[in-house]
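Working notes for the structure below.
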Amino acid sequence: MNLRTTATARPETPRPLEVEGVTVRFAGLTALDDVSFTVAPGSVHAVIGPNGAGKSTCFNVLSGLYRPVSGTVRYGEHLLTGLAPHRIAALGVARTFQNIVTTEGTVGDNLMLGRHALTRAGFVSSALHLPHAVREQRAHLARAREIAGIVGLERHFDQPVALLSYGDRKRVEMARALCLEPRVLLLDEPVAGMNTTERTAAVEVIRTVREQLGLSIVLVEHDMGLVMRLADEVTVLDFGRRIAHGTPDEVRQDPEVLRAYLGTGADTPGKEAA
Ligand SMILES: Nc1ncnc2c1ncn2[C@@H]1O[C@H](COP(=O)(O)OP(=O)(O)OP(=O)(O)O)[C@@H](O)[C@H]1O
Ligand SMILES: [Mg+2]
């Protein structure tokens with residue numbers, strides 16, 4: 001189904017996201033070294049690793065911000081490597097950022113920004129309030145409210161984002177990405193900076209999003225408790241290399257993983273942090 005045919009279209013089931021042999025270099029530093037993994041349709045796939053392991057770089061490749069020197073990323077039959085970020089988003093792969101938290105406008109304004117990419121009516125017809133543009137706008141607004149409901153922001157829809165708690169502002173970020181109707185959602189540290197209560201709530205939101213929207217989620221996260229509770233599969237990076245891959249139980253017992261984490265003093269994969 002074409003997402004652009006109707007404003008409220010329920011998109012198709014996700015396809016596999018396949019990362020194959022991806023290498024990224026920055027002036028002599030190899031940030032990702034021949035990394036491969038596949039995100040199964042509808043799964044939660046975590047990418048973990050100590051600071052500087054290459055997790056955000058990996059996200060930047062998936063979302064088209066960085067182009068690898070070698071390797072490919074495919075979403076179903078589409079080759080994503082080499083495409084601009086907005087083309088990748090239009091194909092159904094949308095992301096949130098590690099450090100960006102919205103502070104401008106109402107919740108509704110922010111979600112409608114996310115809908116903008118799906119709007120068919122041109123700027124002129126919207127400005128002139130032509131009937132088809134008004135209908136389309138209403139349908140987008142209704143869908144934005146629905147998405148706000150899924151992440152638990154419905155009652156805040158008309159409130160300025162600046163008045164919301166930090167945890168709720170992070171939900172706005174997620175909802176805005178969801179407004180692009182992605183089939184794969186990339187979450188870079190979704191609970192960073194949250195307190196324990198907010199973290200527990202965020203786990204529920206991510207579960208609800210996956211269940212209600214049926215999408216795949218790729219998660220970069222330092223909170224190992226959250227990763228262990230949410231992920232179906234985990235890929236572990238260290239110094240840009242993939243050092244382990246498997247279920248949460250498999251990776252938490254993997255000697256390479258323990259060595260990588262103990263070596264840095266970071267949160268260990270066995271530890272329940274949230
Ligand atoms: N734009 C860039 N230019 C140069 N080096 C970079 C750039 N982005 C990342 N790096 C380097 O690449 C390596 C991987 O960084 P990356 O940000 O992907 O790690 P990370 O796993 O996301 O770490 P963190 O847990 O701290 O967020 C690091 O050594 C980092 O300094
Ligand atoms: Mg990072």
Side-chain angles (χ1 to χ4, degrees), residues 17 19-37 39 44-73 80-85 88 93-102 166 169-170 173-174 177 184-194 199 202 206 217-231 233-246 248 251-252 254 256-274:
L17 180 74
V19 177
E20 213 178 300
V22 165
T23 297
V24 174
R25 289 200 189 94
F26 298 111
L29 176 108
T30 305
L32 285 180
D33 188 359
D34 195 21
V35 168
S36 304
F37 61 90
V39 179
V44 176
H45 192 116
V47 178
I48 70 169
N51 290 115
K55 307 178 295 294
S56 292
T57 302
C58 182
F59 261 41
N60 288 336
V61 170
L62 296 180
S63 58
L65 289 176
Y66 294 165
R67 193 183 282 219
V69 289
S70 57
T72 56
V73 179
L80 301 189
T81 18
L83 296 184
I88 292 176
V93 180
R95 71 171 293 170
T96 63
F97 285 87
Q98 182 172 352
N99 296 315
I100 293 181
V101 177
T102 313
Y166 179 80
R169 274 183 277 151
K170 293 281 273 191
E173 279 299 306
M174 195 190 300
V184 180
L185 179 66
L186 310 175
L187 299 175
D188 196 356
E189 303 208 16
V191 305
M194 287 188 184
R199 279 170 191 238
I206 295 169
I217 294 177
V218 189
L219 182 74
V220 161
E221 189 44 71
H222 275 292
D223 181 333
M224 288 306 151
L226 179 138
V227 167
M228 296 300 155
R229 273 179 289 155
L230 269 181
E233 280 185 274
V234 184
T235 296
V236 190
L237 301 178
D238 188 28
F239 293 112
R241 286 185 313 112
R242 178 182 127 170
I243 59 164
H245 178 87
V251 301
R252 86 207 302 175
D254 189 298
E256 275 278 293
V257 176
L258 292 172
R259 185 199 50 74
Y261 275 86
L262 293 175
T264 64
D267 226 2
T268 63
K271 190 169 144 194
E272 295 285 327

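Only a predicted model underlies this, so the values are computations on that prediction, with no experimental measurement involved. The analysis underlying the following values was restricted to heavy atoms, covering all of them including side chains, and did not include hydrogens, waters or symmetry mates. Counting starts at 1 for both ligands and their atoms, in listed order.
Between Phe59 and Tyr66, the gap from one ring centroid to the other reaches at least 6.0 Å.
For ligand 1 and Leu29, the ligand atoms under 4.0 Å from any heavy atom of the residue are 11 (C), 12 (O), 13 (C), 29 (O). Near Tyr66, with a cut-off below 4.0 Å to any heavy atom, the atoms of ligand 1 are 1 (N), 8 (N). Near Thr57, meaning under 4.0 Å from one of its heavy atoms, ligand 1 places the atoms 9 (C), 14 (C), 15 (O), 16 (P), 18 (O).
Just one residue in the list Leu17, Leu80, Val184 forms a side chain to side chain contact (heavy atoms under 4.5 Å, CB included) with Leu62, and that residue is Leu17.
The nearest N, O or S atom of Thr57 is not closer to the Mg ion (ligand 2) than 2.8 Å.
Ligand 1 has no nitrogen or oxygen under 3.5 angstrom from a nitrogen or oxygen of Ala31. Ligand 1 has no N or O atom lying under 3.5 Å from any N or O atom of Gly49, backbone or side chain. For ligand 1, the polar-atom distance check against Gly54 finds a nitrogen or oxygen pair separated by under 3.5 Å.
In the candidate list Arg25, His222, Lys55, Lys55 is nearest to atom 21 (O) of ligand 1, counting heavy atoms.
Not counting sequence neighbours, the partners of Phe37 by the ring-ring contact (aromatic ring centres under 6.0 Å, His included) test are His45.
A salt bridge does not link Arg241 to Asp34: none of the charged nitrogens lies less than 4.0 Å from a carboxylate oxygen.
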